[in-house]
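Chain naming here is simple, since letters A, B, ... match the order of the sequence lines and numbering starts at 1 in each.
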Amino acid sequence: MAHNEHINDDLSASEHANAYWRANIRLLIKLLLVWFTVSFLAGIVFVDTLNAYEVFGFKLGFWFAQQGSIYVFVALIFVYAAKMKKLDAAYGAHTSDSPNHPPSDDG
Amino acid sequence: MDATTLTYIFVGLSFTLYIGIAIWSRVASTSEFYVAGGGVHPVLNGMATAADWMSAASFISMAGLIAFLGYDGSVYLMGWTGGYVLLALLLAPYLRKFGKFTVPDFIGDRYYSDAARLVAVMCLIFISFTYVAGQMRGVGIVFSRFLEVDIDMGVLIGMGIVFMYAVLGGMKGITYTQVAQYCVLIFAYTVPAIFISMLITGNPVPQFGLGAELSDGSGLTVLQKLDRTLTDLGFSAYTEGTKSNIDIFAITLALMVGTAGLPHVIVRFFTVPNVADARRSAGWALVFIAILYTTAPAVGAFARINFIDTVNETSYKDTPDWFKNWENLGLIGWSDKNGDGKIQYRAGAPFAGKPAFDGDERTRIGARKLTNDNTLSANEVYVDRDIMVLANPEIAGLPGWVIALVAAGSLAAALSTAAGLLLVISSAISHDVVKKTINPNISDRQELRYARIAAACAIGVAGYLGINPPGFVAQVVAFAFGLAAASLFPAILMGIFSLSMNKEGAIAGMLSGLLFTGTYIVYFKFVAPDMNSANNWLIGISPEGIGAIGMLVNFTVAYCVMRLTAPVPSDVQSLIQNIRTPSRAGIAQDH
C-alpha cells in the first residue's frame with residue numbers, strides 16, 4: 001500500500017504500530033477518567049455532597065446528572081477526534097487513505 | 001383550522017417527503033443496501049445517527065419519565081448519551097476500519113467462527129425486535145390520539161411507510177430519510193419547549209429555564225417549586241429521587257454500555273468514508289442527540305409543574321379538553337374517592353393497575369366509570385407517563401400548529417428508529433445467515449433480493465408486535481439495553497483490545513451474559529413480578545440495571561474459557577493489528 005515506504009522492515013513496523021497503539025490507549029484512559037468522573041462520580045456517587053452547592057439555580061450534583069455530564073460527553077468525543085488526528089499524522093497513519101468498503105462480492 | 005386538520009397536513013407533508021426520498025434513493029447493490037456505499041458525509045451521518053437513535057421512547061416517553069422520576073430519571077439522560085463516548089472511543093473507529101457490512105460480520109471474522117457469527121446474529125435479532133416493538137406501538141399511539149384512527153390502523157400505516165423506504169432504498173434510503181426525520185423531530189421537540197420555557201420562566205432557552213426563577217412572582221426557582229410542591233403532596237423531592245445509589249449506578253452503566261452495543265447504532269458508522277470520519281461523526285451524532293437530551297429534563301420539569309397546577313384540586317367539569325381526551329383513550333383515569341367532585345393528585349397509586357372502564361358508563365359529573373379497586377392512598381388520578389410530551393402543548397395552551405408539529409415529530413422519531421432496526425435485522429439475515437453461512441455462492445443481486453425479502457418479513461413481525469405489544473413503550477426498550485450490554489458490547493470490545501481472546505471464550509461469554517441477564521429480567525418481570533423489589537434483588541440492582549452485571553459475567557466467563565482453550569491463530573492476530581491502525585488497510589482488502 002502507498003504508505004509502506006514509512007516502514008523499512010517488519011521489526012520497526014511492529015514497533016511503530018505498538019507505539020501508536022500505546023499512545024492511543026494512554027489517551028483513551030485519560031478521556032474515560034473524565035467520562036467516569038462527570039457522570040458516575042459527580043452525578044451519582046457524590047451527588048448529595050455536590051448538591052450542597054448551588055449554581056445558576058441548580059443544585060450542582062443534580063445539574064451534572066441532568067445537564068453537565070452531557071455537555072462534557074460531547075466535548076470528550078471532539079477532543080478525542082482532534083487528538084487522534086494529530087496522533088495519526090505523527091505516526092504516518094493517514095486516515096483519509098483508508099479505502100472504501102470492499103466490493104460487495106467480497107472480492 | 002383546528003388541530004386535527006393541521007395534524008393531517010403536517011403528517012401528510014412529512015410522509016410525502018419520506019416517500020420522495022425513498023424513490024430518489026433506490027439502490028442496486030448490497031454495498032448500497034447495507035452501508036449506503038460507505039459515502040455518507042460525517043455530519044449528515046451524525047444527524048441520521050441521532051434520528052436512528054432517538055426513538056419513540058426518547059421523544060415520547062423520556063421527558064414524561066423524568067417528570068415523574070425527578071433525579072432518578074437522570075439514568076436515562078446520562079446512560080443514553082454517555083454510551084456515545086464509549087462508542088466513539090472504543091468501538092466505532094475500529095469497526096469502520098474493519099470495513100465490512102454488519103456487526104455479526106465482525107464477530108464472525110474476528111473470532112474465526114461461523115458459530116460466533118450466528119450467536120451474534122441471534123443476539124442482534126433478539127435485541128432489535130425487543131426494541132422495534134416499542135417503536136411500532138409509539139406510531140399507533142400517535143395516530144390514535146391525533147388523527148383519530150384506530151391504534152392498529154396507525155401501526156399498519158407506519159409499516160407501509162417504512163416498507164417504502166427500507167425495502168427500496170436500504171441503508172441509503174434510510175440514511176437520507178433519517179436526516180429529514182431528524183430535522184422534523186428536533187424542530188417539533190424544541191419549539192414547544194421554548195414556548196413553555198418562556199411561559200413558565202420568561203427564559204427562551206429550556207436548558208437555562210430549568211434552573212431559572214418562575215415568572216409567577218413567587219420568587220422560587222423551577223426546581224425549588226417542584227421540590228416544595230411534591231413534598232407537600234407526599235412525593236419525595238424532585239431533585240433527590242428514591243432509588244438507591246448502587247441501582248442508579250448500575251442502570252446508568254447498563255444503559256451506556258447497551259447503547260454502545262446496539263447494532264443499529266454501530267452500523268451507522270460503517271457508512272462514513274474513513275476512520276477519522278467515524279470519530280468525528282460520533283461527535284456530531286452526540287451534538288444532535290444532546291440538543292434533545294438537555295431539553296428533555298426541562299420539558300419534564302415544566303410538564304410536572306403545569307400538570308399539578310391545572311389538575312390538582314380542580315373540579316372535573318372545569319378540567320381542560322386534553323384531560324378528557326386522554327381519559328377517553330384510557331391513559332388518564334380518575335376515581336373520585338372522597339366524592340367532592342375535585343381531582344386530588346397525591347403520591348401513590350390511585351387504584352390497582354391501569355384504568356379499566358365500565359364500558360362507556362359515565363359518573364354523574366361525566367367522568368368515565370372505573371371498575372378498578374381503589375387503593376388507600378389519597379391520590380385520585382392515574383396518568384400514563386407516555387402522554388406528557390404529547391399532551392404538553394395542550395396543557396400549556398399552545399396553538400394548534402404546535403400540537404400538529406409534535407405529532408409529526410413523534411412519528412418521525414418512531415419511524416426512523418424502526419427503519420434502522422429493521423435494516424440491521426434484514427442485513428444480518430441476508431448477509432450473515434444466507435450469504436456467509438448457508439450459501440456463499442449467491443450473486444450480489446440474489447443477496448440483495450434476500451435482503452429485501454428479509455426486510456419485508458421483519459416489517460411484518462414488527463407490525464405484529466406493535467399491534468400486540470408486550471409492555472409499555474419505555475419499559476420494552478429498557479430490555480434491549482441490558483441484553484446488548486451483556487452480549488455484543490463485551491464481545492466487540494475484547495475483539496479489538498485483546499489479542500488473545502479466542503472464539504471459545506467469546507462465544508461462552510456472549511451466551512452466559514445473555515442467559516444471566518435474560519433470566520434475571522424474565523424472572524422479575526414475568527415469572528415472579530411480586531418479588532420485584534429491592535430486598536430480593538441481587539446486591540440491590542433492579543432488572544433495568546442488571547445488564548451491567550451481565551457484562552461482568554461475560555468478561556469473566558470469556559477470560560476463564562480462553563485460558564483453557566486453544567490460542568488465537570496468527571492470521572487473526574494480524575487482522576486485529578490491522579484494525580488498530582487507521583491507514584494500513586491491506587489485510588481486510590487483499591484476502
For B:D247, is it the side chain, the backbone, both or neither that has a heavy atom under 4.5 Å from a heavy atom of chain A? neither
Which atoms of A:S39 approach chain B - backbone, side chain, both or neither, heavy atom under 4.5 Å: both
Work out which heavy atom in B:I66 is nearest to a heavy atom in A:Q66; give both atom names and the distance. CG2-NE2, 3.9 Å
Quick check: does any side chain N or O of B:R96 sit under 3.5 Å from a backbone N or O of B:P273, one acting as donor and the other as acceptor? yes
Would you mind telling me which of B:N245, B:T252, B:T294, B:I246 has the largest number of heavy-atom pairs within less than 4.5 Å of chain A? B:T294
Relative to chain A, which segment of B:L87 carries a heavy atom at a distance below 4.5 Å: side chain, backbone, both, or neither? neither
Do the side chains of B:M62 and B:L292 get nearer than 4.5 Å, heavy atoms only? yes
Chain A contact via B:Q224 - which portion, at a heavy-atom distance below 4.5 Å: side chain
Turns out that what part of A:V72 lies under 4.5 Å from chain B's heavy atoms comes down to neither
Measure from the ring center of A:W21 to the ring center of B:F497 and say whether it is less than 6.0 Å. yes
Contacting region of B:P93 [heavy-atom separation from chain A under 4.5 Å]: side chain
Between B:V267 and B:T102, what is the shortest heavy-atom contact and its length? CG1-CA, 4.4 Å
Counting heavy-atom pairs under 4.5 Å with chain A, which one of B:L89, B:T81, B:I442 comes out on top? B:L89
Side chain / backbone / both / neither for B:L223 at chain A, heavy atoms under 4.5 Å: side chain
Check whether A:D48 gets within reach of chain B through its side chain, its backbone, both or neither, counting any heavy atom under 4.5 Å. neither
Identify which of A:G61, A:A65, A:G57 forms the greatest number of heavy-atom pairs closer than 4.5 Å to chain B. A:A65
Out of B:V222, B:L86, B:L90, which one racks up the most heavy-atom pairs below 4.5 Å with chain A? B:L86
Mutual orientation of the aromatic rings belonging to A:F36 and B:F249 [parallel < 30°, tilted 30-60°, perpendicular > 60°]: perpendicular
Kindly determine whether B:R279 and A:D88 satisfy salt bridge (Lys or Arg N to Asp or Glu O under 4.0 Å), including the steps that lead there. CA-CA 13 Å; B:R279 296 182 193 127; A:D88 289 346; 3.0 Å; yes
Top residue by heavy-atom pair count (under 4.5 Å) with chain A, among B:P297, B:G241, B:A282, B:A285? B:P297
May I ask you to test the A:Q67-B:L210 pair for a side-chain heavy-atom distance under 4.5 Å? yes
Do you know which two heavy atoms are closest between B:Y34 and B:S430, and how far apart they sit? OH-OG, 2.7 Å
Closest approach of B:Y94 to B:I579 (non-hydrogen atoms, all atoms of both residues): CD2-O, 3.5 Å
So do B:V43 and B:S281 actually touch side chain to side chain, heavy atoms under 4.5 Å? no
If you tally heavy-atom pairs under 4.5 Å against chain A, which of B:G82, B:A290, B:A298, B:P440 wins? B:G82
B:I289 versus chain A, heavy atoms under 4.5 Å apart: side chain, backbone, both or neither? neither
Could you check which of A:V38, A:L27, A:V47 has the highest count of heavy-atom pairs closer than 4.5 Å to chain B? A:V47
Ring center gap for A:W63 and A:F56 short of 6.0 angstrom: no
Considering only heavy atoms, which portion of B:T221 lies under 4.5 Å from any heavy atom of chain A: side chain, backbone, both, or neither? side chain
Looking at chain A, which one of B:R280, B:Q207, B:E32 has the largest number of heavy-atom pairs inside 4.5 Å, strictly under? B:Q207
Do the side chains of B:W80 and B:V75 get nearer than 4.5 Å, heavy atoms only? no
Could you look at B:Y238 and say if it's the side chain, the backbone, both or neither that has a heavy atom under 4.5 Å from chain A? both
Which portion of A:F78 sits near chain B, non-hydrogen atoms under 4.5 angstrom: side chain
For A:I25, which atoms come within 4.5 Å of any heavy atom of chain B: side chain, backbone, both, or neither? side chain
